[in-house]
Amino acid sequence: MFERRRARILLAALVLVTLVLVTVDYRAGGGGPVATLREFASDVFGPIQDGVSAVLRPVRNFINGIGDLFSARTDVHELQQRIDELEEEQASISDLQREIASLRALLAMDQEMGLETVTAEVIGAPPSNFEYTVTIDVGTDDGVREDMVVVAGDGLVGRIVQATSNASRVLLAIDKNFAAAVRVASSGEQGIVTGGGSEPMRLELVDPDAPIEVGDEIVTSSYEGGTFPDGVPVGTVEALGGDELSRTATVRQYIDFTKLDFVLVIIRGPVRPPPPPVDPDEATATPTSTSTPTGTATSTADPTEPSPTPPSETEPAIEPTPTATSST
Amino acid sequence: MIRGLIIALVLFTAAVAQTSVFPHLAIGGFRPDLLLLATVAFAFRDGALTGLYVGFAAGLLADLLLAVPPVGINALVFLVIGYTVGVVRPYLASESVTAPLALALATGIIGIGGYGVVARTLGASEASLGLVLRTAVIVALYDTLLAPVVFATIRRLSGRYPPERAVQI
C-alpha cells in the first residue's frame, strides 16, 4: 500500500518535472541550460558513435555489398534497355556534345566554385523515427558552425543545427522542419522547398504563374544572400499541384538519405577572385581587370565524388570565417 | 549502487545501439526503439517504481540525443509507460513467452504514437497523423522482434542485481 502511494507521488513529481523541462526548453527555443545538457550528451556520445561506426564499417560494407549484388541484375537489365533506346534514337551529335559539356562542367565545378569544405563521416542517427537528422564526426574544432550547409556527391544534404567540439548534428533536407530557397534550374523561377519526411519534398513557387514541368531540376538559390550557395542540386519535380493562388509541386530528392556515408560541410561558400597584385612602381597605372581563378580554398571529401554545385564566380560567401581551416 | 550502474550501462548501450547500429539495420527506414523496450522490460521485471525511474532516465536520454527541442517529451511518455507496465504486471504471467511480445507491441504503438502526437501538438514535429501511425506500427513490430532478447537479458541482469525492495502494486 505504501509502495503504491509512493509510486503515485513519484509519478506525479516526475510528470511535473518533465512538463517543466518541456516548458523551459520550449521557451528557450533550444537554448539555455537544457541546450548545455544536450551538447554534453552530444560530446559524450559523439566519440562513441564514431568508434562504433568505424568498427561496424566492414559489416556495413558487406551488407551493402549483398544489397548491391541483388540489385546488379536489375541494373544490368535497365542499362541494356537504355543502350537499346539510345541506339534506336541515334541521338544527334549536338545533343551529345551538349551533354559532354555539361558533364565536363560538373567535373570542374569544385575548382571553379572555390568551396572550402570539411569532409565528415556520418556516425549516428537520432533515437526518434520522427526526426530526420544525422550526427557527423566533425565539430567546432574543425571549423563547423550552426547553419552551415552540408552536401554530398548527389546534391543537398541539409544544414548544421548543432555543433559541438567533436561532432555535429545535421538537419536533413527531408525533415519537415527544413526549408530552403530554391529555383527551377531551367527557368530560374524562385521558390521554397520544404522536407516531407518519408514523402517527397514540397516546392512552393513564388510566382503562381511560373512555368514548371514534371522532370524540371530544382537547385538551391542564394536569393537575397540566403543561407545556401547557389546551384546545389536538390532534386527533380515529380508532380505538379496547387491552384491559381499558389503553385506547388512535389520534388524527388537526388540524395538517398538511407545510404549517407560521407558528406561535405561547406565551411565557406564560393569566394570572389582576389584582386590582382599591384606593382608599387605601377601603382598609379590603371589596374588590370584580369583575375586568377580561385581554388586554393577547396578540399573535397572523396576524389571520386564531384562537387554537386555548378560553377559560379559571383556568389557571396556563406560563412565568412577567415580562420576556418579545411581538412580531408 | 551497482544496480544503478547496471541500469545506466544498459540504457547507455541501448542508446548507442539505437543511434549507431540500428540505422544500418533499419526496416523501411524505421529503427526499433531500444530505450523504450528496455524501460518496458525493467518495469515488467521489477514493477512500477523501477518503471518510473528507468522510463524517466531513458526518455531523458532519448530527448537529449535529439536535435529539435523541446526536451522532455520522451521522458514524459516513457515514464508513464514504465509506470503503467509496472501496474499491470501482476495481471501478466511473469514467465510467459507471449507477455513480453504483447507488451512490446502495445507499448511500441502507444509510446511511439504518443510521442508523435505530443511532438506534433507542441510543434516539435510536422509528421502527419498517418505517418505517426505507420511509424508506430512498424517500430512496434520491430520492437516485438527484439523483445525476447531484450527481456531475457534484462531479466537476467535484474535477477542478478535485484532492487532493494520488491515493489508490488
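In what follows, every heavy atom counts, from backbone to side chain, and hydrogens, waters and symmetry copies are set aside. Chain naming here is simple, since letters A, B, ... match the order of the sequence lines and numbering starts at 1 in each.
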With a 4.5 Å heavy-atom cut-off, do A:I123 and B:S20 have their side chains touching?
no
Region of B:R120 that comes under 4.5 Å of a non-hydrogen atom in chain A
neither
Flag if over 12 foreign heavy atoms under 6.0 Å of CD1, A:I9:
yes
Taking the side chain as C-beta and beyond, is there a heavy-atom pair between B:Y53 and A:L10 under 4.5 Å?
yes
Heavy-atom distance under 4.5 Å to chain B: side chain of A:V15, backbone, both or neither?
both
Name the option with the most non-hydrogen atom pairs under 4.5 Å to chain B; the candidates are A:G124, A:G197, A:P126.
A:P126
What are the two closest heavy atoms between A:F130 and B:V132, and how far apart are they?
CE2-CA, 3.6 Å
Shorter than 4.5 Å, heavy atoms on both sides: which option in A:T23, A:D50, A:V52 has the most such pairs with chain B?
A:V52
Based on non-hydrogen pairs under 4.5 Å, which of B:V16, B:L25, B:L61, B:L76 is most in contact with chain A?
B:L76
Heavy atoms only, distances under 4.5 angstrom: which of B:Q18, B:R134, B:H24 has the most pairs with chain A? Name it, please.
B:H24
One pair to check against side chain to side chain contact (heavy atoms under 4.5 Å, CB included): B:L60 and A:L21. What are the steps and the verdict?
CA-CA 10 Å; B:L60 196 58; A:L21 272 175; 3.7 Å; yes
Chain B contact via A:V170 - which portion, at a heavy-atom distance below 4.5 Å
neither
Using side-chain heavy atoms (C-beta onward) and a distance below 4.5 Å, is A:L14 in contact with B:Y83?
no
Can you confirm whether B:L65 sits close enough to A:R169 that some side-chain heavy atom of one is under 4.5 Å from a side-chain heavy atom of the other?
yes
At a 4.5 Å cut-off on heavy atoms, which part of A:V17 comes close to chain B: side chain, backbone, both, or neither?
side chain
Considering the options A:V34, A:D25, A:V24, which one meets the side-chain contact (heavy atoms from CB on, under 4.5 Å) requirement together with B:P70?
A:D25
With a 4.5 angstrom heavy-atom cut-off, could you sort out which part of A:F45 is near chain B: side chain, backbone, both or neither?
side chain
Side chain, backbone, both or neither: which part of B:F12 has a heavy atom under 4.5 Å from chain A?
both
Measure the OG-CG distance between A:S42 and B:L64 for me, rounded to the nearest 0.5 Å.
10.5 Å
Give the member of A:Q162, A:Q49, A:E131 that has the highest number of heavy-atom pairs under 4.5 Å with chain B.
A:E131
One option among B:V80, B:L79, B:D33, B:N74 has the most heavy-atom pairs under 4.5 Å with chain A, and it is B:L79
Can you tell if the side chain of B:V118 reaches within under 4.5 Å of the side chain of A:V22, non-hydrogen atoms only?
no
Give the minimum heavy-atom separation between A:T18 and B:A75, together with the two atoms involved.
CG2-CB, 3.6 Å
Best-contacting candidate, B:G116, B:A17, B:A67, B:A14, against chain A by heavy atom pairs under 4.5 angstrom:
B:A67
For chain A, which of B:L66, B:T135, B:L36 has the most heavy-atom pairs under 4.5 Å?
B:L66
Residue, of A:S53, A:A41, A:A125, that accumulates the most heavy atom pairs under 4.5 Å with chain B
A:A125
Bottom line for A:I48: the part with an atom under 4.5 Å from chain B's heavy atoms is side chain
Per-residue contact mode, B:F30 against chain A (heavy atom under 4.5 angstrom):
both
Flag the one option from B:L131, B:L35, B:I138 with the top tally of heavy-atom pairs under 4.5 Å to chain A.
B:L131
Is the backbone N or O of B:R31 less than 3.5 Å from a side-chain atom of A:N129, with the two atoms forming a donor-acceptor pair by type?
yes
Report which part of A:T133 has an atom under 4.5 Å of a heavy atom belonging to chain B: side chain, backbone, both, or neither.
side chain
Supply the atom-to-atom distance B:D63 CG to A:S128 OG, rounded to the nearest 0.5 angstrom.
9.5 Å
